[in-house]
Amino acid sequence: MPNEARTPLLHLKLISCNVFQREACWCLARTRHLADPDFLELGLHVNPSRLRERLQARIDAEDAGDIRHDALLLLYGVCGNACVGLAARRTPLVIPRAHDCATVLLGGAARYHEVFGGNPSRPFSSVGYLERCAEAYRTEGGAGDLGGTYEDFVEKYGEDNAKYLWQTLHPVREGEPALFIDIPETSREDALARAQARLTADGRAFEIAQGDIGMIRRMIDGEWHPREFLIVRPGETVTGVYDMGEVIRAAQCSTPNG
């Protein structure tokens, strides 16, 4: 472990989907760094272009303000290409290498592959989904064989073509239970009971997968290993890779304003 006395204190800005609000607040209360949070509503992910515009507006507003941050932390996955095209202006961006929130809730890519295996479209839920979303669980996930999430397919191919491609690449596995990702630090018995009741009512089996707050904690604590997090330097933009490892990378902006 690094000597904390020699590790500089950072002033960070966290811009996060509120599906992570409980977990992020738990980590914010314990970090030695100064971190200012800003939570955006979960429903924005259904329109990736709109979410991208909102995120870029937040980035630009922070850089235009009087407060100088050491980094802007974007607690999002690729989220239907919403993070692809974001540009760093004055301040570096730090983004998880994750296709969607399941990777973050499970603590990283290794655990994600262990839990979801070859079925990234397996439905899942969490405390955040129950509290912040009209739907009790998410029914699209991970990266398909062609690369990207269901929202990526919609943006690239249109709704009808996306539905056909997704169903072809991700056939529903009869009898496979839906997952409730339960993170010990924010676990709630009433949330588990509500999730089970909702899934049972929809005719789905129910299974608990233990989550891991570690990826969120490492992000807020400034532990940005390049295998887990992409750092986008000023003058760079986010591009999509859509594999199961690198996920996203940084490239020079084509214009001065991104």
Run the salt-bridge test on [X] and [Y] with the 4.0 Å N-O cut-off and return the result as yes or no.
X    : Y    : value
R194 : E131 : no
R111 : D212 : no
E62  : R90  : no

**Request:** Sort and list the pairs that fulfil salt bridge (Lys or Arg N to Asp or Glu O under 4.0 Å) and have at least one residue in residues 224-236, not counting sequence neighbours.
**Result:**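 Every salt bridge (Lys or Arg N to Asp or Glu O under 4.0 Å) pair that includes a residue of residues 224-236, provided the two are not neighbours, is R218-E228.
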**salt bridge (Lys or Arg N to Asp or Glu O under 4.0 Å) contacts touching residues 244-253 (sequence neighbours left out)** =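 Sorted pair list: E246-R249.
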**Request:** Assess whether side chain to side chain contact (heavy atoms under 4.5 Å, CB included) is satisfied between W224 and L73, documenting all intermediate values.
**Result:** CA-CA 10 Å; W224 305 323; L73 312 180; 3.6 Å; yes
Nearest 0.5 Å, what's the [atom1]-[atom2] distance between [X] and [Y]?
X   : Y    : atom1 : atom2 : answer
Y76 : I15  : OH    : CD1   : 8.5 Å
F20 : M219 : CZ    : CE    : 9.5 Å
T91 : R68  : OG1   : CZ    : 6.0 Å
L40 : S16  : CG    : OG    : 8.5 Å
C83 : L51  : SG    : CG    : 6.5 Å
Q56 : L74  : CD    : CG    : 9.0 Å

**Asked** Counting heavy atoms not belonging to Q252, are there more than 12 under 6.0 Å from its CD?
**Response**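 Atom CD in Q252 is crowded, with more than 12 foreign heavy atoms closer than 6.0 Å.
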**Prompt:** Can H33 and D70 be said to form a side chain to side chain donor-acceptor pair (under 3.5 Å), step by step?
**Reply:** CA-CA 11 Å; H33 301 300; D70 295 296; over 6 Å; no
Side chains of [X] and [Y], heavy atoms from C-beta outward: is any pair under 4.5 Å?
X    : Y    : result
C25  : F39  : yes
C17  : L75  : no
D63  : L72  : yes
I213 : C27  : yes
I181 : Y129 : no
S125 : F180 : yes

**Prompt:** Going through the distances and angles, do E23 and V104 end up as a side chain to side chain contact (heavy atoms under 4.5 Å, CB included)?
**Reply:** CA-CA 10 Å; E23 292 78 18; V104 177; over 6 Å; no
**Message:** Quick one: does any side-chain atom of N18 pair with a main-chain N or O of L42 as donor and acceptor, under 3.5 Å?
**Reply:**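 Looks like yes, one N/O pair under 3.5 Å.
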**Asked** Does any N or O in the side chain of R52 come within less than 3.5 Å of the main-chain N or O of N81, such that one atom is a donor and the other an acceptor?
**Response**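 Flag set: sc R52 to bb N81 pair under 3.5 Å.
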**Request:** List the steps, then state whether salt bridge (charged side-chain N to carboxylate O under 4.0 Å, His left out) holds for E185 with R22.
**Result:** CA-CA 9 Å; E185 290 82 356; R22 283 186 178 270; over 6 Å; no
**Message:** Does I95 form a side chain to side chain contact (heavy atoms under 4.5 Å, CB included) with V238? I'd like the steps, not just the answer.
**Reply:** CA-CA 9 Å; I95 309 174; V238 180; 3.7 Å; yes
**Request:** Check the angle between the aromatic planes of F116 and F124 and answer parallel, tilted or perpendicular using the 30° and 60° thresholds.
**Result:**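 The rings of F116 and F124 stand perpendicular, inter-plane angle above 60°.
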**Message:** Between M215 and F229, is the side chain to side chain contact (heavy atoms under 4.5 Å, CB included) condition met? List the steps.
**Reply:** CA-CA 9 Å; M215 195 173 196; F229 299 100; 4.0 Å; yes
**Prompt:** Has R30 got its NZ or CZ under 6.0 Å from the middle of the six-membered ring of W26, at an angle within 45 degrees of the ring axis?
**Reply:**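 That pair qualifies as a cation-pi contact.
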**Request:** Step by step, work out the salt bridge (charged side-chain N to carboxylate O under 4.0 Å, His left out) result for E53 and R50.
**Result:** CA-CA 5 Å; E53 290 172 2; R50 182 182 174 212; over 6 Å; no
